[in-house]
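To find a chain, count down the sequence lines: A is the first, B the second, and so on, and within it residues start at 1. Values below: all heavy atoms of this structure, side chains included; hydrogens, waters and symmetry mates excluded.
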Amino acid sequence: MISNVASSIISRVHSGDIYTSWQQLDVIANVTPTQAQIQEPSRDTTEPLQIISRIVLVTPPDGCREYTPCAIQPVIYAYDPSNNIIDKLGSTERPWQIKATLVNQSNVVLSGGIANYVDGQTRFTQLSLNGLGSYQIRFSFVQPDGMNR
Amino acid sequence: MINEIRRKSSFRRSNWQYFLIDGNTKIDLKMSPAIIFGFSLPPMNVSTFYSGDVAWKLAILLGVHPSKIRNVRIIASEDGS
């Protein structure tokens, strides 16, 4: 039930875009926020909203056979600028997602190749490859709400 | 009785809500998609905070109509400044 506006604000904090806009607007003279927080609907607690600094493939997929989910599913962590693992991206209702595509075929998502980022990592469970051979896989964010890129 | 019901019912941002009702009470519960969003800012003078058109700029920043920027709560610093 989270609104599109709220989802967009969350995404812009993660990307750092909202801080850039804050400075451009000079919202409060020479003052820049140090941290953003959010309390989602029906929740009692406030959580930090972190800027994404980098994402790391900590466990590459392995044990992949034709048309069968890889025995080892990939795991990706997102880190903030202080090198902390980011626990949540997006909202509980609309988590950010990471997609797995082939290099040079970014419009083709692999089977089982979209996973939500929750509890500090991606949750792939069904990623599989469709044939024999060697593959180069690219992991990237699905364009989240409110973002143009 | 109506005033007693309103006074003893509690509404919190939680998965649980509590109501005091009698046999004639009708309750309409509406859930809002609102989020509480905050920025951590360093301590500053009230005059600094209001040095520009803060409400209008916040509205542009957040992508909402300026009429949506409504409430300000100013918390005094611990040393009384």
Q: Check the surroundings of atom CD in A/Gln136: do more than 12 heavy atoms from other residues, nucleotides or ligands lie under 6.0 Å from it?
A: no
Q) Does one hydrophobic cluster hold both A/Trp96 and A/Ile85, with members joined at side-chain heavy-atom distances below 4.5 Å? A) yes
Q) Honestly curious: do A/Ile55 and A/Ile114 fall in one hydrophobic cluster under the side-chain, below-4.5 Å linking rule? A) no
Q: First locate atom CD1 of B/Ile60, then atom CG of A/Leu25, and finally report the distance between them rounded to the nearest 0.5 Å.
A: 5.5 Å
Q: For each of A/Gln35, A/Gln24, A/Gln37, tally heavy-atom pairs with chain B at distances under 4.5 Å, and name the one with the top tally.
A: A/Gln37
Q: Please state whether the side chain, the backbone, both or neither of A/Thr46 comes within less than 4.5 Å of a heavy atom of chain B.
A: neither
Q | Where A/Val31 and B/Pro42 come nearest, the two heavy atoms and their spacing | A | CG1-CD, 3.8 Å
Q) Which atom names give the shortest non-hydrogen contact between A/Val5 and B/Val64, and what distance separates them? A) CG1-CG1, 3.7 Å
Q) Hey, does B/Leu62 have a side-chain heavy atom less than 4.5 Å from the side chain of A/Ile18? A) yes
Q.
Tell me if a side-chain donor or acceptor on A/Thr34 pairs with a main-chain N or O of B/Ser40 at a distance below 3.5 Å.
A. yes
(Q) Test of understanding: clusters of I, L, V, M, F, W, Y form through side-chain heavy atoms closer than 4.5 Å, transitively. Do A/Val27 and B/Trp56 belong to the same one? (A) yes
Q) Side-chain heavy atoms under 4.5 angstrom apart, residues restricted to Ile, Leu, Val, Met, Phe, Trp, Tyr: same cluster for A/Val118 and A/Leu57? A) no
Q. Is it the case that one hydrophobic cluster holds both A/Tyr77 and A/Ile72, taking links as side-chain heavy atoms less than 4.5 Å apart, direct or via other members?
A. no
Q. Are there more than 12 heavy atoms of other residues, nucleotides or ligands under 6.0 Å from atom CG of A/Asn104?
A. no
Q. Hey, does A/Trp22 have a side-chain heavy atom less than 4.5 Å from the side chain of B/Leu58?
A. yes
Q. Would you say B/Lys57's side chain and A/Asp26's backbone share a donor-acceptor pair under 3.5 angstrom?
A. yes
Q.
Could you report the tightest heavy-atom contact between A/Ile28 and B/Val54, atom names first, then the distance?
A. CG1-CG2, 4.4 Å
